[in-house]
Amino acid sequence: MEQRRKRQKILIVDDAEMNRAILSVMLAKDYEIIEAENGVQAIAALQKHEGELSLMLLDIVMPGIDGFGVLEEMNTQGWIEDVPVIMISSESDSANIERAYKLGCTDFIGRPFDEMIVQRRVINTIFLYTKQKNLTEQLAQQIQETERQNTLMVDVLSHIVEFRNGESGTHVLHIRVLTDLLLRKLLAKTDQYKIAPGDILMISTAAALHDIGKIAIPEEILNKPGRLTPEEFAVMKTHTIEGARMMDALPMHRDEPLMLMAHDICRWHHERWDGRGYPDGLAGDEIPIAAQVVALADVYDALTSQRVYKPPYPHDRAVEMILAGECGTFNPLLLECLKEHAATLAAELEDALENYFAPKKSQRLVQEVSRQEYVTASDRTLRLLEHERMKYSFFAAMSQELQFEYTAEPPLVTISSWGAKRMGLDEVLMNPRDNHAVRAILRDTDLEELAAELHDTTPENPVVEFECRMNVDGEARWTRFIARATWTSDEPPRYMGAIGKVIDIHDMRTRMSNLEQMASHDALCNLYNLAFARRLTEQRMEERHASHFALILFDLDHFKAANDTYGHLFGNDVLMHIADKLRTNVRGDDIAARAGGDEFLVSLEYCENIDLAVNRLFHALTGQFRDFTISISMGVALTETVGRDFDALFHAADQALYTVKHGGRGRFCFYEPRMRSALSEITPIESDGHRE
């Protein structure tokens, strides 16, 4: 029987047993799981299983050695290079996220866990690291097998920079060949510089590393198509210092002649003969000759190659620009070499490139390592993570609720960003019952009662609603906790904690009142809207069977002229003036509403004096508003004439209103059944405020 394939090992580090159990269930089918409940056990597991672990899932907040402490130890021991780390946290503080990434964290998984997200991120991370390990092993084998070990290594490192820099794909090779050519011509011209013929290969090899420091430059600056701002250029210039620092930081071989030469070239290949270069402002032969030669080769190739910010210049134009000092000043001897051999330089460069041997396997390895999906995987993951956190924070803020997650062992509360800011609390609170900030907000007795109610729930009935006073902004306010206790699936089940939210009852009632106001009232005039007035009228007519009701409908005469003459803002002022008049002149039980536009409605209960009531209201509404004379036309319908149906009353009042307008406006009249006949045959019933 074929031997069963050995499963990859994952180390889960979390002080909450619940979290470890959930992750184990999600991953145990495909991986061998090792668990640690604190940082000390995690470090012990790393030592015991060194070289065996494929991944670590690491919690940030733990007693004793926390997640950051584990990462620091992994960096000290070198484990971080071999074991990818996905952090587990509800923490949304960008400073903590940045710190974790700087310490070598590969990705983040937030709580509560989503099984699909957990599995996919685990698979992707292990695949990425496995791929990188395979590539590293292949690369090491290739280096060992080739006779040109130093050349291959330099090619790999420098081409990675070139790929990231979006250059032509031959820039590093051009620099090596140009440096070799210029050095040979310089040695043939003078013996001023102590360069042995055997040093030429070492210098040209080291030249390939001249831009290695660009690894540290942000991509948006490195590949910006337009001109860099002064601030961006200042960042770009740091690649010289970063490159030299990388050479100095090599754990081995940094004192080798090749590395010392690479250090000088990295740091000083942008210095200029007149002292106006960077980073140190060296002048003349203060600049090492190797850096001088590489500087000239770099400028020539930059001019003759395609860049994101410019097209290539022809060979002759590039030489002309360099000799004219348009690209900075250079060693006069080097300029003489360039000038004397300008006619043949392009052809010599082409021949040298054709004869240059570059192992095809190493080129493929470089391309695979430099593929965008590997280089930008962490950036893409971080963007997705921040997007998810942004959505969570946005919805929590929009709901204006304090949302929380509580774990019983260890006692820990995680609060949504909006809620923590609203209450003046940290987002993560250890031992909340002993926390002074929590106790200043919530009474001990209420906290204990809430904890007891949660603990007394069952898996079948896990929801708790609990009301108490909380001190918010120095004021005691009634709040409501709505929480769901969480239990293990063991037998018997074990209480683990809770998730929930806290609602400010006063704020909730205020919002509900505002919503009701918006649903029932006209936004401009703050009177009832037509739909709500209809509902109230029908309800009142149903409750008071023996009463009579009148429905009054009126609009403003010549209102369009007011808008046209004075503007719509003035027209709005007129409507609000009419609304104020209505509120002043209707009784407490009367229903006043804006029916739409300049049309208003009044629904009222009456006994015998409806004529006087309508007449009084009619004259109270007319008059002067600033320079505008207010005239209204009004129609009235009575239940004793039309019946107790709102639609019938409204239609009848509308017919009466139309009758008034047809007869000359500025009046009111009561609906009579004969108004159903053709309008041409209708004579207004009302002319002086009294019925016929």
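Everything numeric in this text was worked out from a predicted model, so none of it was measured. Along the sequence shown, the residues carry numbers beginning at 1.
Inter-residue side-chain proximity for Trp79 and Ile43 is flagged as met; some heavy-atom pair is nearer than 4.5 Å. With contacts defined as side-chain heavy-atom distances shorter than 4.5 Å, the pair Ile200/Arg184 qualifies. Counting only heavy atoms from C-beta outward, the side chains of Asn96 and Met87 never approach each other to under 4.5 Å. Leu296 has its side chain within reach of Leu182: a pair of non-hydrogen atoms, C-beta onward, lies under 4.5 Å apart. Side-chain contact between Ile88 and Leu23: present, with at least one pair of heavy atoms (C-beta onward) separated by less than 4.5 Å. Looking at heavy atoms from C-beta onward, Tyr278 lies out of side-chain contact with Ile241 at the 4.5 angstrom threshold.
Ring pair Phe108/Tyr101 is tilted by interplanar angle, where 30° to 60° counts as tilted.
Scored by the ring-ring contact (aromatic ring centres under 6.0 Å, His included) test, His315 finds Tyr300 as partners (sequence neighbours excluded). Take Asp285 and apply the side chain to side chain contact (heavy atoms under 4.5 Å, CB included) test, not counting sequence neighbours, and it matches Gln192, Tyr193, Trp273, Gln292, Asn331. Remark: Gln41 pairs with no residue by the side-chain hydrogen bond (donor to acceptor under 3.5 Å, both in side chains) rule, at least two apart or across chains. For Glu35, the side chain to side chain contact (heavy atoms under 4.5 Å, CB included) test picks out Arg20, Ser24, Ile33, with sequence neighbours left out. Listed by chain and number, the residues in a side-chain hydrogen bond (donor to acceptor under 3.5 Å, both in side chains) with Glu73 are Gln77 (sequence neighbours excluded).
Put simply, the side chain of Thr125 never gets that close to the backbone of Val122: no donor and acceptor are under 3.5 Å apart. Between the side chain of Asn19 and the backbone N or O of Asp15, no donor-acceptor pair lies under 3.5 Å.
Residue pairs that meet the ring-ring contact (aromatic ring centres under 6.0 Å, His included) test with at least one member in residues 207-232, sequence neighbours left out, are His171-His210, His210-His269.
At a cut-off of 3.5 Å, with distance as the only test, no side-chain donor of Glu242 or Thr238 sits close to an acceptor on the other residue.
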